[in-house]
Amino acid sequence: MYSDKVMEHFTNPRNVGEIPDADGIGEVGNARCGDIMKMWIKVENNIITDIKFKTFGCGAAIATSSMITELAIGKTVEEAEKITNRDVAEALEGLPPVKMHCSNLAAEALGAAIADYRKRTASTA
Amino acid sequence: MKRIYMDHAATTPVRPEVWEAMLPYFSTEFGNPSSVYSWGRSARKALDSARDKVAALLGASASEIVFTSGGSEGANLAIKGVAWADQNKGKHIITSAIEHHAVLDTVLWLETQGFEVTILPVDEYGLVDPAQVEAALRPDTILVSIMHANNEVGTIQPISEIGALVRARGVRFHTDAVQTAGALDLNVDALNVDLLSISAHKFYGPKGVGALYVRKGVRLHPLIHGGGQEKRRRAGTENVAGIVGLAKAFELAQEEREAESARLQKLRDRLIEGLLQIPHTRVNGSLERRLPNNVSVCFEFIEGESLLLNLDLRGIAASSGSACTSGSLDPSHVLLAMGLSHEIAHGSLRLTLGRENTEADVDFVLQEIPGIVERLRAMSPLYQG
Ligand SMILES: Cc1ncc(COP(=O)(O)O)c(C=O)c1O
Ligand code: FES
């Protein structure tokens, strides 16, 4: 049911964990299936230098979390913000139709971490 | 890689003795049982003998057996058949919250057609309370359908007790015995049922064939109209090979039932005990009133589909009631009805043992699961170490 790429990210997920001194943290829940994803980002000079995630969810949720961390790392905050769930699904060589909503979770978690980072920098500025 | 199949509640392989018994009815004995010449007669003979066997195993008579395409059709025929035949007597139907969708969705569909439905709750072990069934009976109740044992958590219902209460009021009583055929005794008088459905592929017979017991005197409106087969209760040229296979598989399962159940029960308990060594793990269902081959647990903080994928990578086939494994994205209605939260129900794992499973298989599974659970927990935002 899953592509080789999805299974590869599922079996060897990249960037699992937490960042204790993160610059932004995002946590989102999936209203449709009840799954939860949390993401930590480290930002230096407006560039995402480190990113970690934890996911309570299906194989697709784990693989999309892993994939989005690879896509986002090294990008500017603005570039990373533009990553959509379609980009993630494409990078994973497709997701089964019933699993497309899982990729929303990853894009939303990253978006929430960036929003948190913005809020923090706005209040310290 | 060694592969271990532990999903026998989903389906089972066809036993060699069974397909050997079926083979002639695909080739040399291919006749239509309704034909008068020798080919027809030999097919008719096979059909009659299969019906006699199934009837004897249920403690019924041959005329009370209707062959179907499986458990889903059996439930549909029993429920819609009685509802349509008896609707002049009343339009109220009772069932339970943990039924298989073949029953639950049929009853809910009848609700859209003007029938009234009561869906009884279950306790934390998945048990239906006979007193609640009795209290739900109304003057216009025409049918009660309660499953014999649950396919997800293995809880065995007090069918005989419920049957006595229901039938004393002149109400028809159906039980979905799809999971218990081959595992428990199915004497229809001891069980106190009017209708009982079974499906061959759950007891090492072929898929797509089942049987419905219909007690003499119970009127049934057919689902399928056409020829006069099955005493006008189910039109269509009979699936002769499949029916022969069902009868053979049922016969073998009954012969071996006690010894095999005792063997499976030991493996089951070893598996449950081993899994409970994993922290934050709970058993679903009753430990006493449980199918001999059913293991159902929830591992907190993790999700079932990712667990199944990891097990599959190690050659182990199992199932889960997680939302992520179901097309609907809702976790198992059975676990929710037993009072589990969405989050916990998400982390459910069902292992159902069968003929080919050995102690070594159980030990292999017990050796693999803890590491998988630990790895997924390390990845879970809900787990605090
Ligand atoms: C309890 C129960 N009832 C009904 C069915 C449906 O049987 P079938 O697959 O033969 O239609 C199943 C099997 O999935 C079952 O487990
Ligand atoms: S995240 Fe639940 S189905 Fe994928």
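Only this structure's heavy atoms are used, side chains among them; waters, hydrogens and symmetry mates stay out. The chains referred to below are lettered A, B, ... by the order of the sequence lines, with proteins before strands, and numbering in each begins at 1. Given the structure is predicted, the values throughout are model-derived calculations rather than measurements.
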**Message:** Report which part of B/Leu382 has an atom under 4.5 Å of a heavy atom belonging to chain A: side chain, backbone, both, or neither.
**Reply:** side chain
**A/Arg14 vs A/Phe53 side-chain heavy atoms within contact, under 4.5 Å** = no
**Complete:** Tested for side chain to side chain contact (heavy atoms under 4.5 Å, CB included) against B/Leu351, the lone hit among B/Leu275, B/Val362, B/Asn357, B/Ile272 is B/Leu275
**Asked** Where on B/Arg375 is there a heavy atom nearer than 4.5 Å to chain A: the side chain, the backbone, both, or neither?
**Response** side chain
**Message:** So for A/Ser65, is it side chain, backbone, both, or neither that comes closer than 4.5 Å to the heavy atoms of chain B?
**Reply:** neither
**Asked** Looking at A/Lys42 and A/Glu18, does any basic side-chain N land under 4.0 Å from a carboxylate oxygen?
**Response** no
**Quiz item: cation-pi between B/Arg377 and B/Tyr383, 6.0 Å / 45°** = yes
**Asked** Salt bridge between B/Glu356 and B/Arg3, side-chain N to carboxylate O under 4.0 Å?
**Response** no
**Asked** Measuring heavy-atom distances to chain B, does A/Ile62 have an atom under 4.5 Å in its side chain, in its backbone, in both, or in neither?
**Response** side chain
**Message:** I'd like to know whether the aromatic ring centres of B/His280 and B/Phe299 sit less than 6.0 Å apart in this structure.
**Reply:** no
**Item:** B/His342, part contacting chain A, at a heavy-atom distance under 4.5 Å
**Value:** neither
**Item:** Proximal component of A/Ala61, with respect to chain B [non-hydrogen, under 4.5 Å]
**Value:** neither
**Asked** Where does B/Leu313 contact chain A at under 4.5 Å (heavy atoms): side chain, backbone, both or neither?
**Response** side chain
